[in-house]
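To keep things clear, I will list the structure first and then write my remarks on it.
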Amino acid sequence: MADEAPGVTYDVAVVGSGPAGASAVRELSGRGLSVACIERLHDEGFGRYHRICGEAVSDRTFRKLGWRPSGCVRRVDTIRIAFSDEISVDIPVGGMVVDRPSMLSELMEGCDADLIRGSVRSVSEDDAGYSLELTDGRRIRCRGLIGADGAHSAVRRDVFGTGPTRRLQVFNCIAEGEEDVLSFTVGGYGDGFYGWRFPSGPGRVSVGFPRGHTDPSEVEGILDWGARDLPFGV
(Lines give C-alpha, C1' and ligand atoms only; values in the text may rest on other atoms or scores of the structure.)
Protein backbone atom coordinates (compact mmCIF):
# COMPACT_ATOMS: atom_id res chain seq x y z
CA MET A 1 0.00 0.00 0.00
CA ALA A 2 1.16 3.53 -0.77
CA ASP A 3 1.73 6.33 1.70
CA GLU A 4 -1.13 8.76 2.22
CA ALA A 5 -1.86 11.34 -0.47
CA PRO A 6 -3.03 14.61 1.18
CA GLY A 7 -5.56 16.73 -0.70
CA VAL A 8 -7.02 13.84 -2.71
CA THR A 9 -10.75 13.20 -2.87
CA TYR A 10 -11.03 9.42 -2.84
CA ASP A 11 -13.69 7.32 -4.50
CA VAL A 12 -13.91 5.25 -1.32
CA ALA A 13 -12.50 5.58 2.19
CA VAL A 14 -12.44 2.54 4.47
CA VAL A 15 -12.15 3.27 8.20
CA GLY A 16 -10.39 0.37 9.95
CA SER A 17 -8.12 -2.36 8.58
CA GLY A 18 -9.25 -5.35 10.62
CA PRO A 19 -10.79 -8.36 8.82
CA ALA A 20 -13.80 -6.40 7.48
CA GLY A 21 -11.83 -3.32 6.44
CA ALA A 22 -8.93 -5.25 4.93
CA SER A 23 -11.36 -7.44 2.95
CA ALA A 24 -13.12 -4.33 1.63
CA VAL A 25 -9.82 -2.72 0.58
CA ARG A 26 -8.74 -5.93 -1.17
CA GLU A 27 -12.07 -6.20 -3.01
CA LEU A 28 -12.11 -2.56 -4.14
CA SER A 29 -8.43 -2.28 -4.98
CA GLY A 30 -7.60 -2.71 -8.64
CA ARG A 31 -11.08 -1.83 -9.89
CA GLY A 32 -10.04 1.60 -11.07
CA LEU A 33 -11.19 3.28 -7.86
CA SER A 34 -9.04 5.47 -5.65
CA VAL A 35 -9.16 3.94 -2.16
CA ALA A 36 -7.94 5.17 1.21
CA CYS A 37 -7.72 3.00 4.32
CA ILE A 38 -7.62 4.84 7.65
CA GLU A 39 -6.12 2.87 10.56
CA ARG A 40 -5.57 4.27 14.06
CA LEU A 41 -3.06 1.63 15.23
CA HIS A 42 0.61 1.52 14.22
CA ASP A 43 2.60 -1.63 13.53
CA GLU A 44 3.40 -2.88 17.05
CA GLY A 45 0.04 -1.86 18.52
CA PHE A 46 -1.83 -3.26 15.51
CA GLY A 47 -0.06 -6.62 15.81
CA ARG A 48 -0.76 -6.96 19.53
CA TYR A 49 -4.40 -5.89 19.18
CA HIS A 50 -5.09 -8.52 16.54
CA ARG A 51 -3.10 -11.29 18.23
CA ILE A 52 -5.39 -11.01 21.24
CA CYS A 53 -8.63 -11.51 19.35
CA GLY A 54 -10.64 -14.03 17.35
CA GLU A 55 -8.42 -16.29 15.25
CA ALA A 56 -10.83 -18.84 13.75
CA VAL A 57 -12.02 -18.45 10.15
CA SER A 58 -14.38 -20.86 8.39
CA ASP A 59 -13.59 -22.68 5.16
CA ARG A 60 -16.76 -21.13 3.71
CA THR A 61 -15.39 -17.62 4.31
CA PHE A 62 -12.14 -18.46 2.54
CA ARG A 63 -14.07 -19.97 -0.38
CA LYS A 64 -16.19 -16.82 -0.74
CA LEU A 65 -13.05 -14.69 -0.60
CA GLY A 66 -11.27 -16.90 -3.13
CA TRP A 67 -8.13 -16.80 -1.04
CA ARG A 68 -6.46 -18.52 1.91
CA PRO A 69 -3.59 -17.04 3.95
CA SER A 70 -0.25 -18.77 4.38
CA GLY A 71 -0.40 -18.25 8.16
CA CYS A 72 -2.92 -21.00 8.97
CA VAL A 73 -1.93 -22.43 12.35
CA ARG A 74 -4.17 -25.46 12.78
CA ARG A 75 -7.35 -27.15 11.63
CA VAL A 76 -10.61 -26.91 13.62
CA ASP A 77 -13.45 -29.35 13.01
CA THR A 78 -15.68 -28.94 16.07
CA ILE A 79 -17.54 -26.28 18.05
CA ARG A 80 -18.48 -27.44 21.55
CA ILE A 81 -21.21 -25.69 23.53
CA ALA A 82 -21.20 -26.73 27.19
CA PHE A 83 -24.08 -25.96 29.52
CA SER A 84 -22.56 -27.71 32.54
CA ASP A 85 -19.90 -30.30 33.34
CA GLU A 86 -22.32 -33.03 32.26
CA ILE A 87 -24.13 -31.48 29.30
CA SER A 88 -22.47 -30.38 26.06
CA VAL A 89 -23.20 -30.41 22.34
CA ASP A 90 -20.56 -30.92 19.62
CA ILE A 91 -21.25 -29.28 16.25
CA PRO A 92 -19.14 -30.29 13.23
CA VAL A 93 -17.57 -27.34 11.41
CA GLY A 94 -14.72 -26.72 9.00
CA GLY A 95 -12.19 -23.97 9.45
CA MET A 96 -8.73 -22.84 10.43
CA VAL A 97 -7.08 -21.01 13.29
CA VAL A 98 -5.00 -18.30 11.65
CA ASP A 99 -2.16 -16.00 12.60
CA ARG A 100 -4.44 -12.97 12.44
CA PRO A 101 -1.86 -10.15 12.07
CA SER A 102 -0.15 -12.16 9.30
CA MET A 103 -3.50 -12.78 7.60
CA LEU A 104 -4.38 -9.07 7.63
CA SER A 105 -0.95 -8.15 6.28
CA GLU A 106 -1.41 -10.61 3.40
CA LEU A 107 -4.91 -9.28 2.67
CA MET A 108 -3.55 -5.75 2.27
CA GLU A 109 -0.36 -6.73 0.46
CA GLY A 110 -0.23 -5.39 -3.07
CA CYS A 111 -3.46 -3.41 -2.74
CA ASP A 112 -3.52 -0.19 -4.76
CA ALA A 113 -4.70 1.99 -1.87
CA ASP A 114 -3.36 4.74 0.38
CA LEU A 115 -2.86 3.79 4.05
CA ILE A 116 -3.51 6.75 6.32
CA ARG A 117 -2.49 6.42 9.97
CA GLY A 118 -4.85 8.29 12.24
CA SER A 119 -8.05 8.22 14.28
CA VAL A 120 -11.33 9.56 12.91
CA ARG A 121 -12.80 12.21 15.23
CA SER A 122 -15.91 13.04 13.21
CA VAL A 123 -17.66 12.38 9.91
CA SER A 124 -19.93 14.77 8.00
CA GLU A 125 -21.98 14.17 4.85
CA ASP A 126 -22.91 16.47 1.99
CA ASP A 127 -24.13 16.16 -1.61
CA ALA A 128 -20.61 15.36 -2.86
CA GLY A 129 -19.86 12.61 -0.33
CA TYR A 130 -18.19 12.60 3.06
CA SER A 131 -15.60 14.58 4.98
CA LEU A 132 -13.60 12.84 7.71
CA GLU A 133 -11.78 14.87 10.35
CA LEU A 134 -8.91 13.09 12.10
CA THR A 135 -7.90 13.76 15.69
CA ASP A 136 -4.73 15.53 14.49
CA GLY A 137 -6.76 17.99 12.40
CA ARG A 138 -6.28 16.43 8.96
CA ARG A 139 -9.33 16.12 6.72
CA ILE A 140 -10.06 13.44 4.13
CA ARG A 141 -12.71 13.70 1.43
CA CYS A 142 -14.39 10.70 -0.21
CA ARG A 143 -17.39 9.93 -2.38
CA GLY A 144 -18.12 6.58 -0.74
CA LEU A 145 -17.45 5.48 2.83
CA ILE A 146 -17.15 2.11 4.58
CA GLY A 147 -17.15 2.07 8.38
CA ALA A 148 -15.23 -0.94 9.68
CA ASP A 149 -14.19 0.83 12.86
CA GLY A 150 -15.54 -1.49 15.51
CA ALA A 151 -17.58 -1.12 18.67
CA HIS A 152 -16.98 2.62 18.97
CA SER A 153 -17.58 3.42 15.30
CA ALA A 154 -17.43 7.12 14.43
CA VAL A 155 -19.01 6.32 11.06
CA ARG A 156 -22.05 4.66 12.63
CA ARG A 157 -22.40 7.44 15.19
CA ASP A 158 -22.12 10.43 12.82
CA VAL A 159 -23.62 9.10 9.57
CA PHE A 160 -26.42 6.93 10.93
CA GLY A 161 -26.93 8.58 14.31
CA THR A 162 -26.96 5.26 16.11
CA GLY A 163 -24.84 3.29 18.52
CA PRO A 164 -25.05 -0.02 20.32
CA THR A 165 -27.81 -0.30 22.89
CA ARG A 166 -25.20 -1.66 25.24
CA ARG A 167 -21.52 -2.61 25.42
CA LEU A 168 -20.02 -5.41 27.48
CA GLN A 169 -16.30 -5.48 28.17
CA VAL A 170 -14.62 -8.86 27.79
CA PHE A 171 -11.09 -10.10 28.32
CA ASN A 172 -9.26 -12.39 25.92
CA CYS A 173 -6.12 -14.11 27.21
CA ILE A 174 -3.37 -15.99 25.41
CA ALA A 175 -2.08 -18.75 27.67
CA GLU A 176 0.00 -21.91 27.52
CA GLY A 177 -2.07 -25.02 26.78
CA GLU A 178 -3.64 -27.23 24.14
CA GLU A 179 -7.17 -27.27 22.74
CA ASP A 180 -8.64 -29.01 19.69
CA VAL A 181 -12.13 -27.49 19.53
CA LEU A 182 -13.78 -24.08 19.79
CA SER A 183 -15.37 -24.41 23.24
CA PHE A 184 -18.09 -22.13 24.59
CA THR A 185 -19.32 -22.48 28.16
CA VAL A 186 -22.78 -21.04 28.89
CA GLY A 187 -23.76 -20.20 32.46
CA GLY A 188 -21.76 -19.19 35.49
CA TYR A 189 -20.58 -15.93 33.91
CA GLY A 190 -23.36 -13.62 35.03
CA ASP A 191 -25.90 -11.66 33.02
CA GLY A 192 -26.49 -14.54 30.61
CA PHE A 193 -23.05 -14.31 29.07
CA TYR A 194 -20.51 -17.08 28.33
CA GLY A 195 -16.82 -17.92 28.33
CA TRP A 196 -14.66 -19.53 25.67
CA ARG A 197 -11.50 -21.54 25.18
CA PHE A 198 -10.11 -21.75 21.65
CA PRO A 199 -6.98 -23.25 20.11
CA SER A 200 -4.43 -20.56 19.27
CA GLY A 201 -0.83 -20.89 18.10
CA PRO A 202 1.25 -24.02 18.81
CA GLY A 203 1.13 -24.79 22.53
CA ARG A 204 -1.24 -21.89 23.17
CA VAL A 205 -4.93 -21.34 23.85
CA SER A 206 -7.19 -18.31 23.73
CA VAL A 207 -9.29 -17.95 26.89
CA GLY A 208 -12.08 -15.36 27.17
CA PHE A 209 -14.68 -14.19 29.66
CA PRO A 210 -16.64 -11.06 30.64
CA ARG A 211 -15.18 -8.41 32.92
CA GLY A 212 -15.74 -9.22 36.58
CA HIS A 213 -15.57 -12.99 36.20
CA THR A 214 -11.83 -13.57 36.68
CA ASP A 215 -8.70 -11.46 36.94
CA PRO A 216 -6.83 -12.05 33.63
CA SER A 217 -3.51 -12.25 35.48
CA GLU A 218 -4.82 -15.33 37.34
CA VAL A 219 -5.46 -17.40 34.19
CA GLU A 220 -3.26 -20.49 34.29
CA GLY A 221 -0.22 -20.21 32.01
CA ILE A 222 -1.06 -16.59 31.08
CA LEU A 223 1.23 -15.06 28.44
CA ASP A 224 -0.69 -11.94 27.40
CA TRP A 225 -4.19 -10.48 27.55
CA GLY A 226 -6.31 -7.63 26.25
CA ALA A 227 -9.78 -6.12 26.67
CA ARG A 228 -12.53 -5.60 24.08
CA ASP A 229 -15.97 -4.01 24.09
CA LEU A 230 -18.68 -6.20 22.56
CA PRO A 231 -21.61 -4.11 21.25
CA PHE A 232 -25.24 -5.26 21.48
CA GLY A 233 -28.24 -3.90 19.62
CA VAL A 234 -28.27 -1.18 16.96
No-hydrogen, no-angle side-chain donor-acceptor test under 3.5 Å, Asp11 and Ser34
yes
State plainly whether the residues Asp180 and Arg80 are in salt-bridge range, i.e. N to O under 4.0 Å.
no
Ile222 to Ser217 - nearest heavy-atom pair and separation
CG2-O, 3.8 Å
Shortest non-hydrogen pair, Ile52 vs Asn172, comes out as CG2-O, 3.0 Å
Is there a side-chain contact (heavy atoms from CB on, under 4.5 Å) between Val93 and Asp77? Walk through the geometry before answering.
CA-CA 5 Å; Val93 295; Asp77 297 307; 5.6 Å; no
Over all heavy atoms of both residues, which pair between Ser17 and Met108 is shortest? Give the atoms and the distance, please.
CB-CE, 4.0 Å
Test ring pair (Phe, Tyr, Trp, His ring centres under 6.0 Å) on Phe198 and Phe184; report intermediate values, then the result.
CA-CA 9 Å; Phe198 297 164; Phe184 296 88; 5.3 Å; yes
Cationic tip of Arg51 above Phe46 ring, under 6.0 Å, 45° of axis:
no
Salt-bridge present (Asp59, Arg75; N to O < 4.0 Å)
yes
Give, for atom CD1 of Ile140 and atom CG of Asp114, the distance between the pair rounded to the nearest 0.5 Å.
9.5 Å
Between Phe232 and Phe193, how do the two ring planes meet: parallel, tilted or perpendicular, split at 30° and 60°?
perpendicular
Verify the neighbour count for atom CZ of Arg26: are there more than 12 heavy atoms of other residues, nucleotides or ligands below 6.0 Å?
yes
Before you tell me yes or no, could you show the steps for Phe83 and Val89 under side-chain contact (heavy atoms from CB on, under 4.5 Å), namely the whole-Å CA-CA distance, both residues' side-chain angles and the distance that decides it to 0.1 Å?
CA-CA 8 Å; Phe83 301 94; Val89 176; 4.2 Å; yes
Going by distance alone, is a donor N or O of one side chain under 3.5 Å from an acceptor N or O of the other, for Ser105 and Ser102?
no
